[in-house]
Amino acid sequence: MSESGKNEIDTPERPILSVRGLKTRFVLDEGIAIAVDGVSFDVGVGKVVGIVGESGCGKSVTIKSILGIVQKPGEVTDGEILFAQAGNSGGADADYVDLAKLDNRGKKMRAIRGNEIALIPQEPMASLSPVHTIGNQLVEAVRLHRDVSVSEAEQIAIKSMTEVGMPNPAERMSMYSWELSGGLRQRVMIAMALVCSPRLLIADEPTTAIDVTTQAQVLNVLRSLQKDRGLSIIFITHDLGVIAQIADVVVVMYLGRVMETGPVDDIFHNPLHPYTKALLSSIPSIHGTSRGPLPTIEGTIPHPFNRPKGCPFYPRCGAFMPGKCDQSTPRLTASNPAQSVSCFLHNDEAEPA
Amino acid sequence: MSTDSPPTELAQKPELATGDVSGGAPEPHDAVSVAPNWKLVWWRFQKHKLAMFAGYVLIAITIIAAFPGFFSTQNPVQSITKGSFMPPQGIQFWDNGPAFFTYEMEGKRNARSLRMEWVINEERRIPLRLFGEGYEWKFLGLFPTRLHLLAVVNPEVDAPINLLGTDRLGRDQWSRLVHGTQVSLSIGLFAVFLATVIGIFLGGLSGYYGGLTDMVIQRVVELLQSIPPIPIWLALSAALPRTWSVVTTYIAITSILALISWTGLAREVRGRFLVLREEDFVVAAKLAGCGQMRIVFRHMAPTMSSHIIAAVTLAIPVMIINETFLSFLGLGLRPPAISWGVMLQEAQNLQSVALAPWLLLPGVAVIITVLALNILGDGLRDAADPYH
Amino acid sequence: MFTYILKRLLILPLLMFVFSVVAFILIQAPPGDFVTSYVAELAASGSAMDQRQIEALRELYGLDQPAYIQYFKWVSRLLVGDMGFSLDFQKPISELIGQRLLLTVILGLATLLFTFAVALPIGIISATRQYSFFDYFFTVLNYIGIATPTFMTALILMWLAFSNFGITITGLFSPEFANAPWSFARVVDLSQHLWLPMVILGLDGTARLARILRANLLDELNKPYMEMARAKGMSEWALVIKYPVRLAINPLVSSLGWYLPLIFSGSLIVATVLNLPTIGPLLLRSLISQDMFLAGTIVLTYFGLAVIGTLLSDIFLAWLDPRIRMEAA
Ligand SMILES: Nc1ncnc2c1ncn2[C@@H]1O[C@H](COP(=O)(O)OP(=O)(O)OP(=O)(O)O)[C@@H](O)[C@H]1O
Ligand SMILES: [Mg+2]
């Protein structure tokens, strides 16, 4: 499936997903909002990639772009989303398909969505239909991709719910989403995502809306899935404590751009970007399980309509270099074998003007 | 790949940039965030071109309704026995050069059917003029004048013009339509005004105090809303004594229409109150120790007004239609009163309509007015509440 | 579900009591008692009524007694199925209303079906293709539909049919079936005449419902469950029909509560213009001739239809929406 030379990946360990220079924008009455502005990162096979960033920095839009479910007035305008073809999970001779080139509503894309790449959405309550039973929605998820009867699909759904630790799964099938507690609802969402045994799981803030205990349980479920099935996971949160618990690799986003990326230990112990440093210093203890929204960094995030020229972070940055940071935009560049950072403190690479 | 993305891609809407919103300031969002609510509503409304157009149409209709005498060409109640079912007369603007006249209509009574049959007599031209003299009418009902927008130059020799033809009794349709506009429009306005007063009072009580007051009022509203209004209107109107004068009937019909229609507005007001009660600024005002009346009038009423104006605007066309069908069925206003419904009574007879389709024209007036009011109301509502 | 319906049924008698009072007040609204005015009218047209018959009527309706006794007499006779006698038609009221009521209900239900059958696709297309040509086209059509009073539509269509084809499109039956007993041929004849009043009567409601559906759908189309369904790999159409349409229909069904009564009483005006054998024109005639007990009975019939309509829509809604079922149980 390598139609162009672009689709070849030269990293020694071939990732299951490689996002390169992704750009997504919303064309609104008030103007054009660039929600994702050239995001690049890889998801290694069997690895957990954690995406962190303040609210509104484009985390959800990034993963919606990957899944091809960005709706009008939004559109993916640029970039590649290379996904390892079915039949081989990455590996040395992996073959990639560029999801950005597929027709969003076409058969090919739909066969990947929910089947090979599954989503755990941000709001479990609102993501379930209030007038259809849990069972109905789970069975539907199975039958979209597997040619099985309704009763077989029910068995698969119940099995999936058992796996994520849902008590009395068979009973829940005939219940409605609003009859479940927040934690159980989240488990339904995870069960629904896993029902077709995807190779890549995308979890959009799966722990935000639930209490600490349930949160820990959900994290455990996800971690064991990763271990037992070798599942690759993209995990989104604005909780650095959670990232420390679950992620292998961290991607730090700010205003639609990747500020820094690297293995979780390096990011926590050797942060390079001033924004990463600010994020880390705003939590009381790195190793404790702090939770809740990130304490604020000085200043406010600019609206995507009013992106500053140059580095998006410079208005709030302590190391702001006038005449440099506000003139050109730093490019994400490898700073050491493990870490990449987009900051003029560390390299002079700039995006073409 | 990022060559084409300058750091600030702010494709402003032209209206936003050129209007008095930003005043040329680079930050339109700031101008928006400090503007008072009604101004925001007005800006959003202006963007709604169709609603603006509907607004202009309604202004024109209102002006006509305010001075029907000036716009009419003949006395609307005067019937001319030999002038029945005359078709509309066109105005000619060109005759080897700019001109302003109409051709004479010649009527002959068909010996067999006894109907008048009309032909255009191109030989005889009737010169017309703007701001000419015609029959006497009273400006604002007080000052007698003979001035009309359109009149024949020589009233002594020439017959007056029938822009929209004549009815069975030879009355001029245009002049009747203009006078009917006044009656139909004002009934709609007065009935809605009455309903609004009741609705705001009871809805406000209900929404502000809550509790038992709310419960009682809500049950009454629910009960009234579950009764189909049309049979009640019919029965009440039919009960009005035939001997009552035009003005008394007018007042009675207006009250009957308002009597049942306040419930919708009361619900609207109550709903708004309930939402507003919880809003931050009202809570803040309460915490700051503002008196209740002050909170209601200073803080809550202004925020609600745009919603109420929208709801009221949407209620007027319903009233107009109601008056029209009541009068059309012979249970509303009665001749000699002139309203669109009364005029349409003449169109009840299929034979008449087949002979003189222009009898349906008052219905077109109803449709245009109602259409304009609905579009205006929707525009206002969208502007007041852009997220719903 | 069962308790829910039971609760609804329990308030029925209360509602009907209030409504019967309202109807009775309406009967009493004209000045003077109706027998007197009827006699006066007869006298004016040159005929007269037997004095004994007049006395019997006064006695029957308790006209010399206080209002509450009159009300009681009227209602207790209604309760045993005795609607009384129409002075104007010189016939028992039940005989007058019977078949007309059936035709009123048939016309109302046909209109309802028509409305939904047309409004659903229009609403769905307008919302899913927002700002497309279809959307604008139907928006314009909807505005015109709402702005045109039903009797105007009826008048215009009648005129067009008469002046172009020379046919009169009034009535619900061909002349040979008008007073015939029910037969298969008569039903066929009815269905051939029914569609026109149905369309005329339904236009306004269709426009309104299509607009409500469009607005509801536009709300639903932005909900996160849409995203989830897409992420599952559902095709766009299957998903739109299964989730947002299904959810947007609920408010539409609850609007049946006001729409069905509106159809029934709205048919009154159209029926008058088109001269349909429904209870509408009968009410009008009885009001004009001040045959007040006939009028009162018909008004009460309209109220009854409204109550039944609301009840049905409540039950239907509960059946559709599990949340309402739960809440009420
Ligand atoms: N449907 C939309 N229409 C317009 N703009 C949108 C839309 N969705 C997202 N955006 C824009 O994209 C930006 C990024 O949104 P996104 O939902 O990805 O943030 P996020 O990082 O997921 O935040 P959160 O942590 O709050 O979920 C937002 O600031 C918003 O301006
Ligand atoms: Mg998000």
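A note on names: the letters A, B, ... follow the listed sequences, proteins ahead of strands, and every chain is numbered from 1.
By the ring pair (Phe, Tyr, Trp, His ring centres under 6.0 Å) test, C/Y131 is found to be paired with no residue, residues two or more places apart in sequence or in another chain being considered. Under the side chain to side chain contact (heavy atoms under 4.5 Å, CB included) criterion, C/I288 pairs with B/L331, C/L284, sequence neighbours left out.
Annotation: the span from C/L155 atom CG to B/L350 atom CG amounts to 9.0 Å, rounded to 0.5 Å. In this structure, CG in C/D204 is found 7.0 Å from CD1 in B/I321, a value given to the nearest 0.5 Å. Between atom CZ of residue C/F151 and atom CG of residue B/L344 there is a gap of 5.0 Å, rounded to the nearest 0.5 Å. One finds the CE atom of C/M158 at 9.5 Å from the CG atom of B/L360 (value rounded to the nearest 0.5 Å). The distance from the CD1 atom of B/I230 to the CZ atom of C/F264 is 13.0 Å, given to the nearest 0.5 Å. For the atom pair B/L329 CG and C/L283 CG, the distance stands at 10.0 Å (nearest 0.5 Å).
For the set B/P241, B/A372, B/G363, the entry with the most heavy-atom pairs within less than 4.5 Å of chain C is B/G363. Taking chain C as the reference chain and counting heavy-atom pairs below 4.5 Å, the highest number among B/A238, B/S237, B/P229 is found for B/A238. For the set C/I269, C/I146, C/V22, C/L218, the count of heavy-atom pairs under 4.5 angstrom toward chain B peaks at C/I269. For the options C/V299, C/L15, C/L26, heavy-atom pairs under 4.5 Å to chain B are most numerous at C/L26.
Contact of B/P228 with chain C is made through backbone and side chain together, with heavy-atom distances under 4.5 Å. Contact of B/T324 with chain C is made through backbone and side chain together, with heavy-atom distances under 4.5 Å. Only the side chain of C/F19 comes within less than 4.5 Å of a heavy atom in chain B; its backbone stays farther off. Heavy atoms closer than 4.5 Å to chain C are found nowhere in B/I320, neither backbone nor side chain. Proximity to chain B (any heavy atom under 4.5 Å) is shown, for C/I25, by neither the backbone nor the side chain.
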CA sep, side-chain torsions, deciding dist, call: B/I232, C/F303, side chain to side chain contact (heavy atoms under 4.5 Å, CB included):
CA-CA 10 Å; B/I232 299 195; C/F303 291 170; 3.7 Å; yes

Working for side chain to side chain contact (heavy atoms under 4.5 Å, CB included), residues B/F328 and C/V273:
CA-CA 10 Å; B/F328 172 75; C/V273 178; 3.5 Å; yes

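You'll find the side chain of B/P231 reaches within 4.5 Å of the side chain of C/Y302, heavy atoms only. Residues C/Y143 and B/D378 have side chains in contact (heavy-atom distance under 4.5 Å, counting atoms from C-beta outward).
Screening B/V370, B/L371, B/I367 against C/T148 for a side-chain contact (heavy atoms from CB on, under 4.5 Å) leaves a single residue, B/I367.
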